[in-house]
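Keep in mind it's a predicted model, so treat the numbers as computed, not measured. Within every chain, numbering begins at 1; the chains are lettered A, B, ... in the order of the sequence lines, protein sequences first and strands thereafter.
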Number of protein chains: 2
Amino acid sequence: MLKYVLLGALSYQPLTGYQLKQFVDNTTKHFWFAQTSQIYRTLKEIEEAKLAVSEVQEQDKRPDRRLYHITQTGRDDLKAWLIQPMTTVEPTKDALVIRLFFAKQMDKDSLLTQLKLQRTLHQQQLLLYRTEIIRQIETSRAQHPELDRDAQFWDMARRNGELAEEYYIRWLDETIQRIEAMPD
Amino acid sequence: MLKYVLLGALSYQPLTGYQLKQFVDNTTKHFWFAQTSQIYRTLKEIEEAKLAVSEVQEQDKRPDRRLYHITQTGRDDLKAWLIQPMTTVEPTKDALVIRLFFAKQMDKDSLLTQLKLQRTLHQQQLLLYRTEIIRQIETSRAQHPELDRDAQFWDMARRNGELAEEYYIRWLDETIQRIEAMPD
DNA sequence: CGATCCATGTAAGTTGTTACATGATTCG
DNA sequence: CGAATCATGTAACAACTTACATGGATCG
């Protein structure tokens with residue numbers, strides 16, 4: 001639920017919708033993505049539920065902006081969600097695997113092209129986890145030494161992404177080989 | 001899109017909504033899950049779009065059932081989707097990773113309990129990919145030797161699930177260790 | 001002077017979930 | 001005799017996506 005991603009971010013500091021979109025884009029994107037429009041709508045719902053309050057700030061040479069502050073109710077709600085145990089495995093949805101499942105309808109070439117394109121994309125994603133995201137975490141650790149404990153959790157999340165991409169690439173390589181070995 | 005999962009299944013043989021639910025549950029569930037209600041609604045949409053036609057069969061001592069037959073338009077639509085290349089990485093949504101990301105709000109114990117519960121669940125899931133699903137594929141290969149090529153693709157999809165669970169368990173173990181090593 | 005950044009949203013549509021509703025047959 | 005299987009759906013709601021709309025400031 002996007003609601004808890006936003007509350008989680010707001011638990012650190014007051015933010016605007018625009019800033020929350022940036023937060024999602026550089027940090028949680030890989031585990032929970034959201035469109036701008038959805039963020040603004042969810043913020044409205046959060047305020048209606050009194051989990052946050054907003055205040056409009058006038059700015060010089062910039063559009064006005066609406067800052068959201070988390071309330072105690074919001075913190076309680078977030079914490080209740082966080083400690084609530086997950087008793088099932090999260091179902092995955094992967095259109096590439098579905099395509100492969102019904103791949104007898106496809107010719108070998110277009111299938112291989114698709115798999116190789118995905119390999120390139122996942123390779124880029126892996127690189128991101130190994131360089132840019134590590135750098136991001138290091139930067140905020142340097143700037144905010146009091147967030148050291150937090151940064152460890154962020155790195156565990158990052159590591160999930162890194163391992164996920166490693167396995168996916170391994171699977172793609174294996175799959176490409178198996179398909180290349182198949183008779184036409 | 002569920003639509004293509006259903007069309008994919010119908011491309012092998014005519015099926016009822018009930019049978020499609022079973023198909024999803026024993027085969028695509030791990031890559032694309034769907035509720036019964038959604039399947040029936042999607043079937044209606046598929047028929048409206050003339051991608052399949054249905055016929056009611058009366059049965060002895062069983063409720064009537066509605067068999068869906070894929071049309072040529074349906075086959076064409078399915079194929080067009082299959083060969084359409086995916087140009088991005090599929091965004092993932094994982095509530096456990098989000099919980100971890102904001103884990104500073106949680107006490108160590110409830111966090112560890114949650115991670116260990118997930119480990120058990122994913123271990124069970126891995127076992128499924130390594131035994132039951134292999135057996136399923138072997139059975140249909142034995143019964144339908146003409147589906148040998150198809151069965152190879154099914155096994156590649158299965159292998160994706162197996163590797164995904166392996167990495168996830170590895171990540172959970174690593175994460176549990178890191179958290180246990182953290183000061184309280 | 002064109003692109004990007006800052007900043008906020010609405011409207012319409014699609015997709016997916018949860019809860020409800022029914023009822024005969026078969027198996028242990 | 002109770003649980004599971006066979007069989008089909010509706011209604012309401014929740015979540016997410018896509019397209020549209022606006023407009024000044026700053027940077028290269």
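Relative ring orientation between Tyr167(B) and Tyr167(A) is described as parallel, the plane-to-plane angle staying below 30° on a 0-90° scale split at 30° and 60°. Under the 30°/60° scheme for interplanar angles, the aromatic rings of His122(B) and Tyr168(B) are found to lie parallel. Trp154(B) and Phe101(A) have parallel rings, their planes meeting at less than 30° on a 0 to 90° scale where 60° marks the start of perpendicular.
Regarding contacts with the backbone of dT8(C), a side-chain N or O of Tyr40(A) is found under 4.0 angstrom from either OP1 or OP2. OP1 or OP2 of dT17(C) has at least one side-chain nitrogen or oxygen of Gln35(B) nearer than 4.0 Å. OP1 or OP2 of dA7(D) has at least one side-chain nitrogen or oxygen of Gln59(B) nearer than 4.0 Å. Within the 4.0 Å cut-off from OP1 or OP2 of dA7(D), at least one side-chain nitrogen or oxygen of Arg65(B) is found. Regarding contacts with the backbone of dG16(C), a side-chain N or O of Lys93(A) is found under 4.0 angstrom from either OP1 or OP2. Under 4.0 angstrom from either OP1 or OP2 of dC6(D) there lies at least one side-chain N or O belonging to Tyr18(B). Taking side-chain N and O atoms only, Gln38(B) has a distance below 4.0 Å to OP1 or OP2 of dT17(C). One finds no side-chain N or O of Lys21(B) lying less than 4.0 angstrom from the OP1 or OP2 phosphate oxygen of dC6(D).
Protein atom CD of Gln22(B) is 16 Å distant from nucleotide atom P of dA4(D), rounded to whole Å. To the nearest angstrom, C1' of dT8(C) lies 10 Å from CG of Asp64(A). One atom, CG of Asp25(A), and another, C1' of dC5(C), lie 14 Å apart when rounded to the nearest Å. Following rounding to the nearest Å, Glu45(A) (CD) and dA14(D) (P) show an atom-to-atom distance of 9 Å. At whole-Å resolution of the value, CD1 in Ile46(B) and C1' in dT15(C) are 14 Å apart. Between Ile39(A) atom CD1 and dA7(C) atom P there is a gap of 14 Å when expressed in whole angstrom units. Put simply, CD on Glu47(B) is 14 Å from C1' on dG9(D), counting in whole angstrom units. Distance Glu48(B) CD to dT14(C) C1': 14 Å, rounded to the nearest Å.
A residue-by-residue look at Thr36(A) and Pro63(B) shows that Pro63(B) has its nearest nucleotide of DNA chain D further toward the 5' end. A residue-by-residue look at Met1(B) and Gly17(A) shows that Gly17(A) has its nearest nucleotide of DNA chain C further toward the 5' end.
Checking Gln72(B) against Asp76(B) by side-chain atom types alone, a donor-acceptor pair falls below 3.5 Å.
The pair Arg159(B)-Asp155(B) does not count as a salt bridge, with every side-chain nitrogen at least 4.0 angstrom from each carboxylate oxygen. Under the 4.0 Å criterion applied to side-chain N and carboxylate O atoms, Arg158(A) and Glu138(A) are not assigned as salt-bridge partners.
Proximity note for Arg41(A) (side chain, C-beta onward) versus dT8(C), dT17(D), dC6(C): the nearest is dT17(D). When each of dT17(D), dC6(D), dT17(C) is scored by its nearest atom to the side-chain atoms of Ser37(B), the top-ranked nucleotide is dT17(C). Proximity note for Lys44(B) (side chain, C-beta onward) versus dT8(D), dG16(C), dT10(D): the nearest is dT10(D).
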